[in-house]
Participant: 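Questions regarding the structure given below will be posed in turn.
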2 protein chains.
Amino acid sequence: MDDLARHLGLSRATVSFALNGRTDVRISEATRARVVAAARELGYRPHAGAQSLAAQRTDLIGFVTDIPASPFGGGIIHGAQAAAWRRHKLLLIVSSEGDPEIEATGVEMLLDRRVEGLVYATQMHRVATLPAAVEAVPTVLVHCTSDRPGAVSVLPDEVEGGYAATRRLLAAGHRRIGLVNLAAGLPASTGRRSGYERALTEAGLELEPALVRQGDATATTGYDLAARLLDLADPPTGLFCATDRMAMGAYDAAKERGLRIPEDVAVVGFDNQEIVAAYLRPALTTVALPFAEMGVAAVEMLAATAAGERVLDRTLTGRLVERASV
Amino acid sequence: MDDLARHLGLSRATVSFALNGRTDVRISEATRARVVAAARELGYRPHAGAQSLAAQRTDLIGFVTDIPASPFGGGIIHGAQAAAWRRHKLLLIVSSEGDPEIEATGVEMLLDRRVEGLVYATQMHRVATLPAAVEAVPTVLVHCTSDRPGAVSVLPDEVEGGYAATRRLLAAGHRRIGLVNLAAGLPASTGRRSGYERALTEAGLELEPALVRQGDATATTGYDLAARLLDLADPPTGLFCATDRMAMGAYDAAKERGLRIPEDVAVVGFDNQEIVAAYLRPALTTVALPFAEMGVAAVEMLAATAAGERVLDRTLTGRLVERASV
DNA sequence: TTGTAAGCGTTATCAC
DNA sequence: GTGATAACGCTTACAA
């Protein structure tokens with residue numbers, strides 16, 4: 001910048017004003033144009049690090065996650081980066097692979113870089129143990145909660161999701177709807193089930209415990225649970241599976257029994273794992289969790305916090321993706 | 001650091017030396033210990049930005065991709081971050097969603113931050129058009145190539161992958177092996193096919209054009225192509241599908257014909273899309289592309305370039321993941 | 001409308 | 001062993 005100023009016969013201050021397009025200081029249009037032209041010509045590139053140091057802001061947001069290598073993690077990263085982009089900020093990433101030591105050291109490194117906020121995203125909807133150092137900077141948790149005061153969370157609305165899935169089956173005329181659920185105790189399991197129950201109750205149907213089964217998230221379990229439901233004396237005609245993988249298993253159970261989907265039994269999944277849902281035959285109607293939106297929300301909440309607003313936990317609603325299994 | 005120095009009655013220089021554990025300058029052990037203790041006590045945190053400015057290095061690597069939200073992108077990010085971590089560097093991420101304008105502006109922003117290198121990762125194995133600005137800094141392409149001089153690439157070894165998949169079927173005793181391939185022209189398609197052909201030729205088998213079909217990467221196409229192969233007068237007993245999604249379709253074609261996997265027809269996929277491969281019934285034997293390793297390699301190549309070494313394109317071999325479909 | 005000069009928080013070179 | 005002092009590349013009061 002010094003070279004530029006000398007080249008133009010101006011002071012560094014003037015060049016800085018002109019380049020930053022500041023309106024609170026009067027610079028003649030002619031001068032501004034000369035400066036900009038010279039900057040381009042000489043290939044001048046402002047040094048963001050030096051700007052940070054002088055201006056006392058870094059435009060950097062820290063992103064810590066245990067899972068970049070999943071559709072979930074990637075989606076959040078993408079949303080967060082897009083939102084940061086709009087604010088002319090960049091994302092500094094640490095992926096911990098769940099290792100608490102990497103996590104703690106990573107947070108330290110990010111704080112050394114003076115990130116203006118921290119996004120902490122986890123693979124599973126769970127309670128997270130944050131390194132103590134995060135207190136130093138506004139933090140938003142994604143897909144998890146923490147007892148640490150001041151940390152706010154962005155969570156998917158499991159209840160609404162379960163409700164939407166079940167409503168879809170009801171709308172298609174189904175009256176006996178089975179739930180192939182995740183193991184009890186998980187927020188995802190509890191939430192999806194209460195959405196399911198709310199929808200049935202609203203439709204004036206009675207809750208039948210025999211129609212609700214639970215197990216782990218695998219296709220094998222989905223197969224077993226769905227098989228038991230379909231083998232009931234009065235089997236369900238609709239199946240809400242709490243994950244797409246479980247729905248995959250349910251497909252097999254149905255096919256083995258000669259049941260056509262959706263004619264004989266309709267299936268709704270959860271997660272919208274593109275690879276599974278879109279390519280299952282028939283394609284799976286399922287609930288998409290708002291990954292990218294959660295990333296966007298996290299960065300926006302960080303910005304709001306920085307602006308002095310009080311920020312509360314947020315819950316984001318998924319979206320029913322209609323395909324051909326209902 | 002000034003406060004610390006004053007608090008200790010030392011100069012800033014001494015504090016800096018002590019904290020950085022420098023051996024080229026003599027500091028008494030006692031002084032060093034005092035400084036470190038005081039730093040901890042006062043909660044002193046070095047300012048990485050200021051260090052960068054003074055030391056003329058940023059320890060920052062730029063990462064531009066069109067696809068964080070895929071297992072592929074996430075895997076590369078994870079590998080790159082892990083490799084950067086070992087070198088005490090951090091990753092600055094821009095996800096372009098394929099938009100050339102975001103890409104170009106993003107690269108500019110990264111250069112403004114004085115990243116020490118750039119990783120450019122694409123979703124599809126393809127030829128990329130890089131913004132001109134990347135010339136300013138060492139660049140490694142991942143999963144793509146460029147005509148720009150000086151840019152090196154990290155690519156998956158498609159031929160080896162096709163070879164390994166076919167060898168697995170041969171090892172299981174199959175002599176008629178069908179290839180459900182991607183559309184012609186793609187590096188993935190050409191490479192996997194030549195691996196397939198090499199394996200067959202080495203085994204002394206003749207190449208039968210009728211056993212090779214191609215189409216797009218979907219399960220539907222996989223179904224169609226596999227169906228045609230299985231309906232041949234002399235059908236193959238083994239199927240190598242160029243993507244796991246295609247293998248998913250092939251499973252359906254086999255099941256519809258009452259063929260058991262792997263007893264009546266064995267299947268090998270490609271990609272190791274966990275969600276599909278691990279949960280297909282039976283679980284799919286497939287070739288895993290080395291995503292994370294590619295990210296690691298990219299960062300290591302950047303480091304080597306920075307160290308003045310001459311770096312060449314690298315090709316990384318995948319790994320056969322044995323499950324139950326052969 | 002432009003210039004001067006004092007930071008911003010470090011590292012690095014010397015001299016002592 | 002330690003301390004001055006000058007960078008590093010910018011922003012920003014304040015003066016002119």
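Only this structure's heavy atoms are used, side chains among them; waters, hydrogens and symmetry mates stay out. Naming convention: chains lettered A, B, ... in sequence-line order (proteins, then strands); numbering from 1 in each chain.
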Participant: List the protein contact pattern of nucleotides 5-16 of chain C with one symbol per nucleotide (5' to 3'): B for base contact, S for sugar-phosphate-only contact, - for none; contact means a heavy-atom distance under 4.0 Å.
Facilitator: -BBBBBBBB---
Participant: Let me know the distance between CD1 of I27(B) and C1' of dG3(D), rounded to the nearest Å.
Facilitator: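 So the CD1-C1' distance, I27(B) to dG3(D), works out to 10 Å.
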Participant: Considering only heavy atoms from C-beta outward, does the side chain of V107(A) approach that of Y120(A) to under 4.5 Å?
Facilitator: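 Heavy-atom side-chain distance check fails, nothing below 4.5 Å.
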Participant: Any side-chain heavy atom of L60(B) within less than 4.5 Å of one from R113(A)?
Facilitator: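 A side-chain contact under 4.5 Å exists here.
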Participant: Checking the side chain of R45(A) only, and the main-chain atoms of L111(B) only, is there a donor and an acceptor separated by less than 3.5 Å?
Facilitator: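 Flag not set: sc R45(A) to bb L111(B) has no pair under 3.5 Å.
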Participant: Go through it in stages, so that I can follow the logic: the residues are R148(B) and E135(B), the test is salt bridge (charged side-chain N to carboxylate O under 4.0 Å, His left out), and I'd like the CA-CA distance, side-chain angles, deciding distance and then a yes or no.
Facilitator: CA-CA 8 Å; R148(B) 217 170 260 287; E135(B) 306 248 305; 3.1 Å; yes
Participant: Send over the distance from R6(B) CZ to dG3(D) C1', rounded to a whole Å.
Facilitator: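 From R6(B) CZ to dG3(D) C1': 15 Å.
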Participant: Has S95(A) got a side-chain atom pairing as donor or acceptor with D66(A)'s backbone, closer than 3.5 angstrom?
Facilitator: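 Not at all, since once roles are kept as given, no pair shorter than 3.5 Å links the two residues.
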Participant: Set out, in order, the CA-CA distance, both residues' side-chain angles and the distance that settles side chain to side chain contact (heavy atoms under 4.5 Å, CB included) for L289(B) and D271(B), then state yes or no.
Facilitator: CA-CA 6 Å; L289(B) 247 31; D271(B) 280 347; 4.1 Å; yes
Participant: Is there a residue in residues 28-36 of chain B whose heavy atoms reach under 4.0 Å of DNA chain C, and which residues are they?
Facilitator: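 Contacting residues: none.
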Participant: How many angstroms lie between OG1 in T105(A) and CG in D99(A), if you round to the nearest 0.5 Å?
Facilitator: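 Interatomic distance, T105(A) OG1 to D99(A) CG, rounded to 0.5 Å: 8.0 Å.
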Participant: Distance check, rounded to the nearest 0.5 Å: R114(B) atom CZ versus L53(B) atom CG?
Facilitator: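 R114(B) atom CZ to L53(B) atom CG measures 10.5 Å (nearest 0.5 Å).
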Participant: Is the distance from OP1 or OP2 of dT2(C) to the nearest side-chain N or O of T14(A) less than 4.0 Å?
Facilitator: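 So the side-chain polar atoms of T14(A) never come under 4.0 Å of the phosphate oxygens OP1 or OP2 of dT2(C).
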